[in-house]
2 protein chains.
Amino acid sequence: MQNRLTIKDIARLSGVGKSTVSRVLNNESGVSERTRERVEAVMNQHGFSPSRSARAMRGQSDKVVAIIVSRLDSLSENLAVQTMLPVFYEQGYDPIMMESQFSPQLVEEHLGMLRRRNIDGVVLFGFTGIREETLRPWRSSLVMLARDAGGMASVCYDDEGAITTLMQRLYAQDHRNISYLGVPHSDVTTGKRRHEAYLSFCKKHALPAVASLPGLAMKQGYDQAASVLTPQTTALVCATDTLALGASKYLQEKRIDSVQLASVGNTPLMKFLHPEIIAVDPGYAEAGRQAAAQLIAQITGRSEPRQIVIPATLA
Amino acid sequence: MQNRLTIKDIARLSGVGKSTVSRVLNNESGVSERTRERVEAVMNQHGFSPSRSARAMRGQSDKVVAIIVSRLDSLSENLAVQTMLPVFYEQGYDPIMMESQFSPQLVEEHLGMLRRRNIDGVVLFGFTGIREETLRPWRSSLVMLARDAGGMASVCYDDEGAITTLMQRLYAQDHRNISYLGVPHSDVTTGKRRHEAYLSFCKKHALPAVASLPGLAMKQGYDQAASVLTPQTTALVCATDTLALGASKYLQEKRIDSVQLASVGNTPLMKFLHPEIIAVDPGYAEAGRQAAAQLIAQITGRSEPRQIVIPATLA
DNA sequence: CTGTTAGCGCCTTCAA
DNA sequence: TTGAAGGCGCTAACAG
């Protein structure tokens, strides 16, 4: 704010030139150990820290990144953001947050604004409907989460592995009539891939497939649970924990306790409310870490855009 | 990034001097209508936007604010942040997010970092244990939420009103044995004030008071529900919806449906999982809007720190 | 190894 | 009503 010190002050106080101070600041080589120590001492003593804006102006980089979540109250995205933040802070990046509310148009508006702001990079939690051309200009400075788009860097969950793991577990527990509650195929990852993994497991093991793909909302899980429960059903796999929450509410209300629920997604809320549900952790925390690391690597030119898949683990 | 235009370019392209462009940019008076229009035309045509860092360097302000939430997955804080973000963006502020995890020490570290970053202002979701002296230096540029601290600006919920509203409603429904599940008094607002409002209502209406104050966590609500349920109890008031979630899990498991649950907090999750619970909305959304507005007003010198109380409304 | 010099993009005098 | 000049704090040549 007011009278902060500048490298000029530090230079004067330690009896060296501005550029020497700058060199110390940036850990550049070519400064004698003695000088460096002296300058560093003065810096600490006065709690000096360089002006971000001045650096940004020279370096062409503000060290600001944006995280666009679909919704702030998405439990799974929260888990990823939680691990992402410390990574950004450690590397000196300011992470600013925005909500897309699942609206492709809002994503466009946000990206437009970020472009004008000359931001360094973006982590975008993907969803259905985002046009590729919206993203293209960001190819080198955007990492998409939970979804892959041609040419863009992405961190995805192992959709097939997650479902297969659940099915195997249930199968090992002698379940032979396993129903499925999921998301429409218009959603490629959470929808199509998970559903297909379910179908393919059923086929391979000659199990009857009973599925419904209502959508992502809790209420949809609640409303559609009935439609996939046959008298034979002994287990129900849900594509997301949100759906599972809806389904379990239905089961509870109907006093049905003969059906084993299983779901992708391992949030604290679920663990508390329904510890009996079998869950695979898609690796939200790890995804967050990797996304942040990948974005920084791209920004700093240490990596090309690349696709990362996080392995799922049984919780 | 690369070859962005600068006011110099705009100046050249519109045949005026840099300072004139600057004047137009800042809506300063003393520019002829014709010149202004011409310059603005060129700006729009090229999608020009001034460099934030250069402005920051001159203006001493980065137009960056921080929002320190206790936890990213706090449902109530999310609701407030959700309304806060658009306000900041509209006014050209970049909101960066941090988690305090209810740790006073983390708050100190974050504030220290923000101080070095020379940030403009902070919205802090308050909790027990934050030392006043930590905050003092921020007096003019911090707004605390959900808690008031001497001299600091704050946006608080009407703790007493919220509880009283719930009690009145239950009383009107002929409940005469109302228990209470809350938070220890070390937490002044959610703990002490709400509990005292409960006690005072009981006293006034000659009702027996049965209360326990385990804490904020869902599990604590679950574990302590039993201790406040007597054979006569017909209603249970919870200080937060998290506690209510825990308590309702307990009631469900015990198959108790003779107890009407009521709680402060009106989150979408609660509305879905337990629409039967009577809830007051403490006004999270409004609190977020007001907090952002108040912070901006303080930063820009248009307001002194002041305490704001949001009225609670029956959901 | 170290200091000097020249900008980065913008805003702010100060003259014209 | 306008333009030219100077400087914000920092980094990147270029000299010593």
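In the set D/dT11, D/dC10, C/dG3, D/dC10 carries the atom at the smallest distance from any side-chain atom of A/Ser51. Nearest nucleotide to the side chain of B/Pro50, out of D/dT11, C/dG3, C/dC10: C/dC10.
Among pairs with a residue in residues 10-21 of chain A, those fulfilling salt bridge (charged side-chain N to carboxylate O under 4.0 Å, His left out) read A/Asp9-A/Arg12, at least two apart in sequence or across chains.
Remark on the helix from C/dC1-D/dG16 to C/dA16-D/dT1: inter-end axis angle 40°, axes from five-pair C1' superpositions, rounded to 10°.
Checking B/Val16 against A/Lys8, the closest nucleotide of DNA chain D that is more toward the 5' end is the one next to B/Val16.
Formation of a donor-acceptor pair under 3.5 Å by the B/Ser74 side chain with backbone atoms of B/Arg71 is not found in this model. Side-chain atoms of B/Asp120 come within 3.5 Å of backbone atoms of B/Lys63 as a donor-acceptor pair (strictly under, hydrogens ignored). Between the side chain of B/Gln91 and the backbone N or O of B/Ala292, no donor-acceptor pair lies under 3.5 Å. A distance-only check finds a donor-acceptor pair linking the side chain of B/Thr83 to the backbone of B/Ala285 [under 3.5 Å].
Rounded to an integer number of Å, the gap from B/Lys63 NZ to C/dC10 C1' is 15 Å.
By the neighbour-count criterion of 12 heavy atoms within 6.0 Å, atom CD of A/Glu109 is densely surrounded, having more than that number from other residues, nucleotides or ligands. Counting heavy-atom neighbours within 6.0 Å of B/Gln105 CD, excluding the residue itself, gives a total of 12 or less.
Remark: B/Ser154 engages no residue in a side-chain hydrogen bond (donor to acceptor under 3.5 Å, both in side chains) (not counting sequence neighbours). Every side-chain hydrogen bond (donor to acceptor under 3.5 Å, both in side chains) that A/Arg117 has, sequence neighbours left out, goes to B/Asp94.
Of the residues in residues 28-47 of chain B, those placing a heavy atom less than 4.0 Å from an atom of DNA chain C are B/Glu28, in numerical order.
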Tabulate protein N/O versus nucleotide N/O from nucleotides 4-7 of chain D, keeping only pairs under 3.5 Å, one per line.
| from | atom 1 | to | atom 2 | distance (Å) |
| --- | --- | --- | --- | --- |
| D/dA4 | N6 | B/Ser19 | OG | 3.0 |
| D/dG7 | N2 | B/Arg58 | NH1 | 2.6 |
| D/dG7 | N3 | B/Arg58 | NH1 | 3.3 |

